[in-house]
Amino acid sequence: MSKYFEKMKEKFEFLRNKEDIYILSIESSCDETSIAIVKNGREVLSNIIATQIEIHKRFGGVVPEVASRNHILAISNVYEEALEKAGIKAEELDAIAVTYGAGLIGALLVGVNFAKTLALSLNIPLIAVSHVHGHIASNYISHLDLKPPFVCLMVSGGHTAILKINNYCNFELIGSTVDDAVGECFDKVARVLGLEYPGGPNIDRLAKLGNNNIKFNYSCALKDSYNFSFSGLKTAVVNYVHNKEQKKEEISVEDIACSFQEIVTDELSEKAIKACKEFGLNKLVVAGGVGANSRLKEKLTTLCNENSIELYSPILRYCTDNAGMIASAAYYYMKANIGLSDLDLTAKPNVPFILNID
Ligand code: KG4
Ligand code: ZN
């Protein structure tokens, strides 16, 4: 244990009872370099996002090595901008939070090392945050009055799950994907249709111009469970497209996008509502990039209205990766006395999903 860490244990304890807490957070798990400053876990003073989407477009997806190099190039400027926009001096910060996983190791390491340097030089605690917990917390910075308990539908590029959120740091897993994450499936289908990265928003846009008139050769095996499986559907769409190409038949990208999206959004929305009813919770909270999908939002809105369930989803810019959500999660970690890290913190490709602190 370092001397720094021994001192930080005391500071962390002190911060738990301090009235106003300013956390600077860093997110670099994939292709966005983001730094935010958030007051008391809810009030976003700045949330700067430097996206690399244009850089990765020509490769059809995120290239890990290219992502880490570009995080290195961007991070210092993003830091300066975050402080300037918040109107805060580094010395006024109470803690540094950082995404340490899940994500691309090389990309995460840039954020983790930057965070360690800041925490040590400012002599303030370092809080290691799980990226998925950040996605849940994106709702706390979007809806200032939102409090647990609720059911969370987690739909990102890396995760697909239904969670019962009992408290800020107490989650139960109700169901999850047994293979691909839903965002991954959107991106792969988009790729086979020749659409640019990231595929999800392009499928969403084109689906509006198409009809739900294609029956893919696929049957969902997990209908009666809260688990999901998307790899069979993805293969069915890929086979459909390849078949048509071999026969030199025309395909309608819009109809494929629409028919695919209908299946996925039915599955996600129906299971999420079923969980709310089974667990007697009248709040449903959506988290993760696929939460930006307009058809998913439409279906959830209708189903929630029919079942008297309040629906929350992050405001659009907090749906996808951003550091604001990481600071919010860190604030609640701190209140629950978890997440304090020493300077040997390292990046992890996978981190535990579930928390059970009361
Ligand atoms: O949560 P996120 O920003 O990153 C991860 O933590 O994975 O999610 C990114 C995923 C990508 O797969 C992207 O295609 C998808 O979210 N996405 C969408 C939409 N906007 C982003 N998927 C469907 N419809 C959208 N409108
Ligand atoms: Zn994410």
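Residues: numbered from 1 along the sequence shown. Both ligands and their constituent atoms are indexed starting at 1 by order of listing.
- Of the heavy atoms in Asn293, both backbone and side-chain atoms come closer than 4.0 Å to ligand 1.
- Residue contact annotation: Cys30 has no non-hydrogen atom under 4.0 Å from ligand 1.
- Between Ile338 and Cys169, the closest side-chain pair of non-hydrogen atoms falls below 4.5 Å.
- Checking only distances, Ser294 never comes within under 3.5 Å of ligand 1, N or O to N or O.
- Note on ring orientation: taking the six-membered ring where Trp is involved, the planes of Phe279 and Tyr226 are tilted (angle from 30° to 60°).
- Under the 4.0 Å criterion applied to side-chain N and carboxylate O atoms, Glu249 and Lys244 are assigned as salt-bridge partners.
- Side-chain atoms of Ser28 and His71 include no donor-acceptor pair closer than 3.5 Å.
- When only interatomic distances are considered, the shortest N/O to N/O separation between Gly288 and ligand 1 does not fall below 3.5 Å.
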Show me the side-chain donor-acceptor pairs of residues 81-88 shorter than 3.5 Å, one per line, residues at least two apart or across chains.
none

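- Ser328 places a side-chain N or O within 3.5 Å of a backbone atom of Gly41 that can act as its donor or acceptor partner.
- At most 12 heavy atoms of other shown residues, nucleotides or ligands fall within 6.0 angstrom of atom CZ in Arg191.
- Here is the list of ligand 1 atoms found below 4.0 Å of a heavy atom in Gly200: 14 (O), 18 (C), 19 (C), 22 (N), 23 (C), 24 (N), 25 (C).
- A donor-acceptor pair under 3.5 Å links the side-chain atoms of Lys11 to the main chain of Asn123, judged by distance alone.
- At a 3.5 angstrom cut-off on N or O pairs, Thr320 does not count as close to ligand 1.
- Within 6.0 Å of CG in Asp224 there are 12 or fewer heavy atoms belonging to other residues, nucleotides or ligands.
- Between Lys274 and Glu270 there is no salt bridge, since none of the side-chain N atoms of the basic residue sits less than 4.0 Å from a carboxylate O of the acidic one.
- Of the protein's heavy atoms, Val290 CG2, 3.9 Å lies nearest to atom 15 (C) of ligand 1.
- Near Gly289, meaning under 4.0 Å from any of its heavy atoms, are these atoms of ligand 1: 1 (O), 2 (P), 8 (O), 16 (O), 17 (N), 18 (C), 19 (C), 20 (N), 21 (C).
- Ordered by chain and number, His131 NE2, His135 NE2, Asp321 OD1 make up the set of protein N, O or S atoms under 2.8 Å of the Zn ion (ligand 2).
- Heavy atoms of other residues, nucleotides or ligands lying less than 6.0 angstrom from CG of Asn239 number more than 12.
- Summary of contacts: the protein heavy atom closest to atom 26 (N) of ligand 1 is Asp204 OD2, 2.9 Å.
- Ligand 1 places these atoms under 4.0 Å from at least one heavy atom of Gly157: 5 (C), 7 (O), 8 (O), 9 (C), 10 (C), 12 (O).
- Among all protein heavy atoms, the one lying closest to atom 4 (O) of ligand 1 is Asp321 OD1, 3.2 Å.
- Considering only non-hydrogen protein atoms, atom 13 (C) of ligand 1 sits nearest to Asp187 OD1, 3.8 Å.
- For ligand 1, the atoms closer than 4.0 angstrom to any heavy atom of Gly183 are 12 (O).
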Please determine whether ring-ring contact (aromatic ring centres under 6.0 Å, His included) holds for the pair Tyr79 and Phe114, giving the CA-CA distance in whole Å, both sets of side-chain angles, and the decisive distance to 0.1 Å.
CA-CA 10 Å; Tyr79 170 68; Phe114 199 84; 5.6 Å; yes
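- Heavy-atom contacts of His131 reach the following atoms of ligand 1: 6 (O) (cutoff under 4.0 Å).
- Interface atoms of ligand 1 facing Gly158, defined by a heavy-atom separation under 4.0 Å, are 7 (O).
- The cationic group of Lys271 lies under 6.0 Å from the six-membered ring centre of Phe228 and within 45° of the ring axis, placing it in a cation-pi geometry.
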